[in-house]
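One structure is given below, encoded as structure tokens.
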Amino acid sequence: MTDLRIADVRITPIAFRDPPLLNNAGCHQPFALRSIIEVETEDGVIGLGESYGTKKLIEAVEALAPGLRGVAVTDLNALWAKARESVVGNLTGYMGQEALLPRVVAAVEVAMWDALGKALDRPLCDLLGGKVRTKVPFSAYLFYKFAGHAGEEPDDWGEVLTPEQLVGEAERFIDTWGFEAIKLKAGILPPEEEIAGLEALRARFPKAPLRIDPNGGWTVETTLKYLPRLEGLVEYLEDPTVGIEGNARVQARTGIPLATNMYVVAQEHLPPNMKHDAFRVILSDHHYWGGLKASRDLAEICRIWGLGLSMHSNSHMGISLAAMTHLAAATPNLSYDCDTHYPWQTDEVIEGGKLRIEGGCVRVPDGPGLGVTLDRDALKRLHRNYVACGYTHRDDETEMRRHWPDWTFERPKF
Ligand code: GKR
Ligand code: MG
């Protein structure tokens, strides 16, 4: 075997339809952005990755790409070193280099792993430590939503703003995909209404593990006020309020584990988190933790320090889902069902269409590497969407005001 050196790195931005889902930052726009990364070796093996579709990320990967020529696909140290030079040297802006660097590394790193797996004819989970499970459980990710995008006809989910509508959404999720755990995205309606929604879900699904995620939308005082109704109702409470210290004040008053994908998002946040005992569950995400190797390292840190581990998501396609599934399959101490937005997306960029979710689980794809192949016609079509929609970043706040003109972003809000 050759030493699998990189000949070329390409990134293609794409956009796909996304429903008007609500969160503390506003409303999803009609199109979600993503990018598809290809790492091609000198032997012509092509590894795939998927990441964010923001202009900053795309420009950063494009700036890094030429410097990766000749680097072995196994050389993650070289990837980090070159990314550190490239990102620090060339980019500043709203997304600080600390946040951008691990995102840029992750975007390319997954494609390097995929190329290695394809060259060795081994599935990725074998290279990440070995498969401890053949299928990975995901949760039903419920959102409040508008009936349709501003100025458009209602979509086939319709409006979800009341407990009854929420139960209807959950029924469809569970009937179609068989999920067991249920997550509710919160921080939009007054907490009283959202907790009533959660209680309605409990009444309809007495055994389902439940979670609620206000994305820092509640004050400490509001969270403390509602703790008695959440005790015994949720398996974890995700980012109820703002910051490590604010959440530590909540954690000190409850046995419900607090979980985060907002305030422990890099290794340097772990020591203050342990010091303050803010979050007892980390929602990992290889897209911003620096890739699959860094996420395996994070899992080890969680194991050593006795933290629970679950997985965060954003709107995504099947390449990300395949990477999340391989990572989860190779992570022994994954203690909760993972998040995924995948059911909300109707489009796909891989051959064969959408990956199947059955019994709430995704089977680890067969085949080498990630086990998925790029559908080049779909890639072209979704790239045309990207050009046509003209977005350069996600803007939930502006989108929200198309529906509720007086709405303002506040965190905490309630
Ligand atoms: O898609 O609106 C959304 C979510 O709110 C997403 O942006 C979050 O990053 O799913 C995420 C979360 O768990 O916080
Ligand atoms: Mg969250």
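Scope of the values below: all heavy atoms of this structure, side chains included, with no hydrogens, waters or symmetry mates. These numbers were taken from a predicted model, which means no experiment stands behind them.
In this structure, Phe179 and Trp177 have tilted ring planes: the angle between them lies in the 30° to 60° band. The aromatic rings of Trp407 and Phe409 sit tilted, their planes meeting at an angle between 30° and 60°.
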Practice item. Let me see the working for Arg376 and Glu351 under salt bridge (charged side-chain N to carboxylate O under 4.0 Å, His left out), right down to the final yes or no. Key: CA-CA 8 Å; Arg376 294 206 171 267; Glu351 276 181 7; over 6 Å; no

Is there a side chain to side chain contact (heavy atoms under 4.5 Å, CB included) between Leu321 and Val372? Walk through the geometry before answering.
CA-CA 10 Å; Leu321 186 64; Val372 295; over 6 Å; no

Could you give me the CA-CA distance, side-chain angles and deciding distance for Glu348 and Tyr342, then say whether side-chain hydrogen bond (donor to acceptor under 3.5 Å, both in side chains) is met? CA-CA 10 Å; Glu348 192 41 283; Tyr342 200 59; 2.4 Å; yes

_Verdict with supporting geometry, Tyr144 and Glu159, side-chain hydrogen bond (donor to acceptor under 3.5 Å, both in side chains)_ = CA-CA 8 Å; Tyr144 291 107; Glu159 179 188 88; over 6 Å; no

Assess whether salt bridge (charged side-chain N to carboxylate O under 4.0 Å, His left out) is satisfied between Lys275 and Glu245, documenting all intermediate values. CA-CA 10 Å; Lys275 180 174 168 212; Glu245 290 187 18; over 6 Å; no

Verify side chain to side chain contact (heavy atoms under 4.5 Å, CB included) between Arg280 and Leu258, making sure each step is shown before the conclusion. CA-CA 6 Å; Arg280 296 181 183 165; Leu258 263 54; over 6 Å; no

- Task: For side chain to side chain contact (heavy atoms under 4.5 Å, CB included), just list the numbers for Val71 and Lys82, CA-CA rounded to whole Å, side-chain angles, deciding distance to a tenth of an Å, and then say yes or no.
- Result: CA-CA 10 Å; Val71 169; Lys82 286 178 182 292; 3.7 Å; yes

Take Met324 and His316, measure what side chain to side chain contact (heavy atoms under 4.5 Å, CB included) needs, and give me the verdict at the end.
CA-CA 11 Å; Met324 292 156 73; His316 64 90; 4.1 Å; yes

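A salt bridge does not link Lys135 with Glu358: every distance from a Lys NZ or Arg NE/NH1/NH2 to an Asp or Glu carboxylate oxygen is 4.0 Å or more. A salt bridge links Arg402 with Glu399: the closest approach of a Lys/Arg side-chain nitrogen to an acidic carboxylate oxygen falls below 4.0 angstrom. A salt bridge between Glu199 and Arg204 is absent, with no side-chain N of the basic residue lying under 4.0 Å from a carboxylate O of the acidic one. Taking a cutoff of 4.0 Å between a charged side-chain nitrogen and a carboxylate oxygen, Lys225 and Glu221 do not qualify as a salt bridge. Salt-bridge formation is detected for the pair Glu38/Arg10: a Lys NZ or Arg NE/NH1/NH2 atom is positioned less than 4.0 Å from an Asp or Glu carboxylate oxygen. The pair Arg401-Glu397 meets the salt-bridge criterion, since a charged nitrogen lies less than 4.0 angstrom from a carboxylate oxygen. Ion pair Asp156/Arg172 flagged as a salt bridge, since at least one NZ, NE, NH1 or NH2 atom sits closer than 4.0 Å to an Asp/Glu carboxylate oxygen. Salt bridge status for Asp366 with Arg363: absent, with no side-chain N to carboxylate O gap under 4.0 Å. By the 4.0 Å N-to-carboxylate-O rule, Asp377 lies too far from Arg381 to be salt-bridged with it. A salt bridge between Glu109 and Lys293 is absent, with no side-chain N of the basic residue lying under 4.0 Å from a carboxylate O of the acidic one.
Side chains of Trp289 and Ile282 form a contact here, defined as non-hydrogen atoms less than 4.5 Å apart. Put simply, the side chain of Leu33 does not reach to within 4.5 Å of the side chain of Tyr52, judged on heavy atoms. Within the 4.5 Å cutoff, side-chain heavy atoms of Asp126 are placed close to those of Pro123. Contact check for Thr74 versus Leu116: side-chain heavy atoms found under the 4.5 Å cut-off. Within the 4.5 Å cutoff, the side chain of Val136 has no heavy atoms near those of the Cys361 side chain. No side-chain heavy atom of Val110 sits under 4.5 Å from any side-chain heavy atom of Leu48. Between Met311 and Leu327 there is a side-chain heavy-atom pair separated by less than 4.5 Å.
Side-chain contact annotation: Asp339 with His312, donor-acceptor N/O pair under 3.5 Å absent. Between the side chains of Ser320 and Arg34, at least one donor-acceptor pair of N or O atoms lies under 3.5 Å. Residues Ser35 and Glu50 bring no donor and acceptor atom of their side chains to less than 3.5 Å of each other. Arg103 and Tyr288 share no donor-acceptor pair across their side chains, judged by distance under 3.5 Å alone. Checked by atom type, the side-chain pair Ser313/His341 shows a donor-acceptor distance below 3.5 Å. His287 and Asp285 are linked by a side-chain donor-acceptor pair at a separation below 3.5 angstrom, with hydrogens and angles left out of the test.
In this structure, the side chain of Trp344 engages the main chain of Tyr141 through a donor-acceptor pair within 3.5 Å. A donor-acceptor pair under 3.5 Å is formed between the side chain of Thr222 and the backbone N or O of Phe414. For Arg133 (side chain) and Ala328 (main-chain N/O), a donor-acceptor pair under 3.5 Å exists by modelled atom type. A donor-acceptor pair under 3.5 Å is formed between the side chain of Ser139 and the backbone N or O of Cys338. Judged purely by atom type and a 3.5 angstrom limit, Asn24 uses its side chain to pair as donor or acceptor with the backbone of Gly187. A donor-acceptor pair is defined here as one N or O able to donate and one able to accept, closer than 3.5 Å; such a pair exists between the side chain of Gln251 and the backbone of Thr254. The backbone N or O of Pro228 sits nowhere less than 3.5 Å from a side-chain atom of Glu231 that would complete a donor-acceptor pair. His383 places no side-chain N or O within donor-acceptor distance of the main-chain N or O of Ile14, the cut-off being under 3.5 Å. Under the 3.5 Å distance criterion, the side-chain polar atoms of His326 are matched with a main-chain donor or acceptor of Leu370. Using modelled atom types, no side-chain atom of Asp239 and backbone atom of Thr260 make a donor-acceptor pair closer than 3.5 Å.
Phe31 carries Arg17 over the face of its six-membered ring, with the cationic atom under 6.0 Å from the centre and within 45° of the normal.
Remark: of the listed residues Gln345, Arg394, Gln29, Gln345 is the sole one forming a side chain to side chain donor-acceptor pair (under 3.5 Å) with Asp18. No option in Asp396, Asp213, Asn215 other than Asp396 meets the side chain to side chain donor-acceptor pair (under 3.5 Å) test with Asn23.
The aromatic ring centres of Phe143 and His28 sit less than 6.0 Å apart. In summary, the aromatic rings of Trp157 and Phe173 are positioned with their centroids under 6.0 Å apart. For His269 and Tyr263, the distance between ring centers is not under 6.0 angstrom.
Taking every heavy atom of both residues into account, Asn273 and Phe279 meet most closely at OD1-N, 2.8 Å.
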